[in-house]
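Below is one structure, written out as structure tokens, with a few remarks after it.
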4 protein chains.
Amino acid sequence: MARQARAQIDELRPTRDVILDAAERLFAERGYAGVSMRDITAETGLKNQASLYHHFRNKRALYQAVLARGVSQITTLMPEPARSMEIDNNIDRLLDYLGQHPHLARLIQRAALDDSRYLGSTVRKVLNPIYAQGRQALSGADAVWERDEIPHLAAGLYHLIFSYFANAELLAVFIDDPLGPAAVERQRRFLKAAVALLLGVQASAPARQAERV
Amino acid sequence: MARQARAQIDELRPTRDVILDAAERLFAERGYAGVSMRDITAETGLKNQASLYHHFRNKRALYQAVLARGVSQITTLMPEPARSMEIDNNIDRLLDYLGQHPHLARLIQRAALDDSRYLGSTVRKVLNPIYAQGRQALSGADAVWERDEIPHLAAGLYHLIFSYFANAELLAVFIDDPLGPAAVERQRRFLKAAVALLLGVQASAPARQAERV
Amino acid sequence: MARQARAQIDELRPTRDVILDAAERLFAERGYAGVSMRDITAETGLKNQASLYHHFRNKRALYQAVLARGVSQITTLMPEPARSMEIDNNIDRLLDYLGQHPHLARLIQRAALDDSRYLGSTVRKVLNPIYAQGRQALSGADAVWERDEIPHLAAGLYHLIFSYFANAELLAVFIDDPLGPAAVERQRRFLKAAVALLLGVQASAPARQAERV
Amino acid sequence: MARQARAQIDELRPTRDVILDAAERLFAERGYAGVSMRDITAETGLKNQASLYHHFRNKRALYQAVLARGVSQITTLMPEPARSMEIDNNIDRLLDYLGQHPHLARLIQRAALDDSRYLGSTVRKVLNPIYAQGRQALSGADAVWERDEIPHLAAGLYHLIFSYFANAELLAVFIDDPLGPAAVERQRRFLKAAVALLLGVQASAPARQAERV
DNA sequence: GATGAATGAGGATTCATTCAT
DNA sequence: AATGAATGAATCCTCATTCAT
């Protein structure tokens, strides 16, 4: 993942946003407990941790703000009902975005793991929209799946999409440069085909056969 | 998820294993940085943190031991090449195990996220077998997929299987009691069907149609 | 103790006085070190600590202003030489005032404790008048006491009067509602009798005997 | 007040006691909020604040331990019922002790001020014995006082005795070296006479008259 | 093999204060 | 006159680790 330039305070961006950016990167990389307010301060370019507290009541509040922003960015990418015609569009949009912001996938996957038992259900509140939207989008998939399987399908698709980016670093073991354009393109191809198969959209299969020839 | 009894030192198990058990639970729940040696000491029933150092050189070493043990438990569950006949067996074995040790899925997903940049490639070393085995198992799936898509497929299947358990708590939002027997059974049904679709195993589809009637 | 309404900035009182009021209450309750500028800001109704510095150079200066004002209120209550006739008047005036401003007694007792070693002799300077006035008032008590005992007597009377109010909360253990009218009246009776005994004013004793009948 | 030598860790005293001693001195001098764990560490001779937490759960717990110890030292000095014959003994014992440990008087007076509203009623619990014992000791004083005045008398005597030492530094303004032997002796004389007057013990008055001649 | 004690470094958070607006 | 923002230093407390017993 390309190391983004350290956010500079002297830019014209509001300090609050600079903090959010820095915190987002760090929380995504090391998780809530793995990041100290000192780390965030340094990454921000601010000179003193006290400044953070001027903008966020405490570490938890900062984390939640980061999460809320990150999640809202994601949810706006998947607003449309998944009519077969538009599914590919949704996937395209998601992949485009996650390909460029892979740390967001990490951030969210971490949040999902930390939920409830550890960080309290505030995380759940903020992650709900993502799952919920996916589930709703699949409400018409009962050609292939039984009604009570739909939620499992929704979860599955969600994981299929996000985990690739969240675990990209690790996948480098057998996928060359997983976040590079070639690999992302391959993942896009794979994903579209996989979704088509899972949703029983016949049109795709022949298309793929054609492609292969 | 059934709350396992806190590991007691006074049991007959070797202290080293008691520590590993306690640490595994905690690391799975809160991640490496979210767990302190004191936490582990308490969960273990030992009275002093110094005791831990008698069995493990330091926190990192303990973590790696936990990880290695957890991963080896998983890898022994997926040893067989995925000939169509045996895929269902592999899935069954995995689901049976993960359904009873869902924190293992969390532990491993956390380790994947923490890799490289944060915890050093030791994690990678220990997680490699899981991905690798999956990839090899799919070496025959080129009826549906191009060769360069196979690794993406392997990763996808892996995520499909593990993420359900890793994120079970969160899924409770729209899946009732995700770790209860009913939900796990549904997930099993879904997974087998999904895998069949993805691997192009026609046999399954009719079977499902039959089931539905 | 009647909970005074929180000082509001939007009143017509000069901000400086509003700050002094708020600070007085807080310093009395928690002592110099136990109160932060932020606390005072909040109690005042101001929105930013910086505002305080517009009216007082720093925390110390604010504290001293509070103290000076509080002490001057007290000293004006005890100006008259303690001729036997007027002692009761002095006590009455003091008790009336302290009964309604018990936190002043606390403020001053705290200041006395914090003196010199901790907060510098500024406190001493401001508290001197109180002791001094008392001592002078007793210059005629040499019917009962030797000359070198007079200062001890002065200190004793002073403590007798102030400590009741300063420690009122604690006295609630065996005095019912120590700041309520009934208890204050009893304290008044007790004090007058005690002072009469200590100053050797015979007149009072019979008076008390009469009262008791 | 004679500056006691800084407690040294390398003495044979248990560390816990060394900490209590250091904390007692500091809390007495500057109050709960005015003392930092760092201060206490330094005064103790320990090299690191973390060591304090090995012996006391937190600052509050340390403070309460200090208080409990200090109060118990005081209460063992005033155990006997105040029969006229023995009052002087009680006073003597108290004065002897407080004369040598004047900071104990400060510590307790501070605790009384900080009670309830600020530090929680734990302080009250620990201070209760002092007041209570005094009150009980006076149960026979109804020759001079009405029954409902006895508690006020008890409080008064208590304040009379303790405040002298608590405020000794300040009294230096008009009492020369208030903690020196001469002044303490004068205070003893004064106190005994005052108590005799307040308790209506006639024997003392003539004795004093004789003394004066 | 287990524990009590100690410690340097670092954790989050608050302190009093200043400056520009 | 009031405020938002920033900051150095300090707050309490916990971290992982070591050593002697």
Side-chain angles (χ1 to χ4, degrees), chain A residues 9 14-16 19 32-41 44-63, chain B residues 9 14-16 19 32-41 44-63, chain C residues 9 14-16 19 32-41 44-63, chain D residues 9 14-16 19 32-41 44-63:
Chain A
I9 261 297
T15 300
R16 190 189 147 92
I19 295 174
Y32 180 78
V35 175
S36 75
M37 294 301 263
R38 203 189 305 252
D39 293 337
I40 299 173
T41 304
T44 303
L46 286 165
K47 292 187 187 152
N48 195 284
Q49 313 178 40
S51 303
L52 298 189
Y53 291 85
H54 193 74
H55 297 273
F56 300 93
R57 192 155 36 85
N58 54 29
K59 191 183 175 185
R60 278 289 295 272
L62 170 54
Y63 179 65
Chain B
I9 262 297
T15 299
R16 190 189 146 91
I19 296 174
Y32 179 79
V35 174
S36 74
M37 293 301 263
R38 186 196 300 217
D39 293 336
I40 298 171
T41 305
T44 302
L46 287 166
K47 288 182 189 160
N48 194 288
Q49 315 178 38
S51 305
L52 298 187
Y53 291 84
H54 202 79
H55 297 271
F56 300 92
R57 192 158 35 84
N58 54 26
K59 189 184 175 186
R60 278 290 294 272
L62 169 53
Y63 179 64
Chain C
I9 263 296
T15 299
R16 191 190 144 90
I19 295 174
Y32 179 78
V35 174
S36 74
M37 293 302 263
R38 186 196 298 218
D39 293 335
I40 298 172
T41 304
T44 303
L46 288 166
K47 288 182 187 158
N48 194 289
Q49 315 178 39
S51 304
L52 298 187
Y53 290 84
H54 202 79
H55 297 272
F56 301 93
R57 192 157 37 83
N58 55 26
K59 190 184 176 187
R60 279 288 295 271
L62 170 53
Y63 179 63
Chain D
I9 261 296
T15 301
R16 191 189 145 91
I19 296 174
Y32 180 78
V35 175
S36 76
M37 294 302 262
R38 200 193 303 252
D39 293 337
I40 299 173
T41 304
T44 302
L46 286 165
K47 292 188 187 151
N48 195 286
Q49 313 178 39
S51 303
L52 298 188
Y53 290 86
H54 192 73
H55 298 273
F56 301 93
R57 193 156 34 84
N58 53 29
K59 192 184 174 186
R60 277 288 295 272
L62 169 53
Y63 179 64

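Values in this document were obtained by computation on a predicted structure and should not be read as measured data. Chain letters run A, B, ... following the sequence lines, proteins first, then strands; residues in each count from 1.
- With hydrogens and angles disregarded, no donor-acceptor distance shorter than 3.5 Å links the side chain of D:K47 to the backbone of D:T41.
- The line from CZ of D:R57 to CG of D:L52 is 14.5 Å long, rounded to the nearest 0.5 Å.
- Atom OH in A:Y63 sits about 14 Å away from atom P in E:dA12, given to the nearest Å.
- Between A:K47 atom NZ and F:dT7 atom P there is a gap of 5 Å when expressed in whole angstrom units.
- Residue B:T15 has no polar side-chain atom (N or O) positioned under 4.0 Å from OP1 or OP2 of E:dG1.
- Summarising the geometry, the separation between CG on C:L52 and C1' on E:dC15 is reported as 13 Å, rounded to the nearest angstrom.
- Using a 4.5 Å cut-off on side-chain heavy atoms (C-beta onward), B:L46 and B:I19 make contact.
- Side-chain polar atoms of B:D39 and B:S36 form a donor-acceptor pair below 3.5 angstrom.
- When side chains are defined from C-beta on, D:N58 does not count as touching D:L62, because their heavy atoms never get closer than 4.5 Å.
- How far CZ of A:R60 is from OH of A:Y32: 5.5 Å, rounded to the nearest 0.5 Å.
- Nucleotide E:dC15 holds its P atom 15 Å from the CG atom of C:L62, rounded to whole Å.
- One can place CZ of C:F56 at 15 Å from C1' of F:dA2, the figure rounded to the nearest angstrom.
- Between the NZ atom in C:K59 and the CD1 atom in C:I40 there is a gap of 7.0 Å [rounded to 0.5 Å].
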5' to 3', nucleotides 15-21 of chain F under a 4.0 Å protein heavy-atom cut-off (B base, S sugar-phosphate only, - none) gives BBBBB--
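- Applying the 4.0 Å criterion to OP1 and OP2 of F:dT3, one finds that C:S51 has a side-chain N or O inside that range.
- Considering every non-hydrogen atom in both B:F56 and B:R16, the closest pair reads CE2-NH1, 3.5 Å.
- Distances shorter than 4.0 Å separate some side-chain N or O of A:H54 from OP1 or OP2 on F:dA5.
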Intra- and inter-strand pairing of DNA chain E, written as dot-bracket with Watson-Crick and G-U pairs under 3.5 Å and | for the latter, reads .||||||||||||||||||||
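- Here the straight-line distance linking atom OG1 of D:T44 with atom CE of D:M37 works out to 9.5 Å at 0.5 Å rounding.
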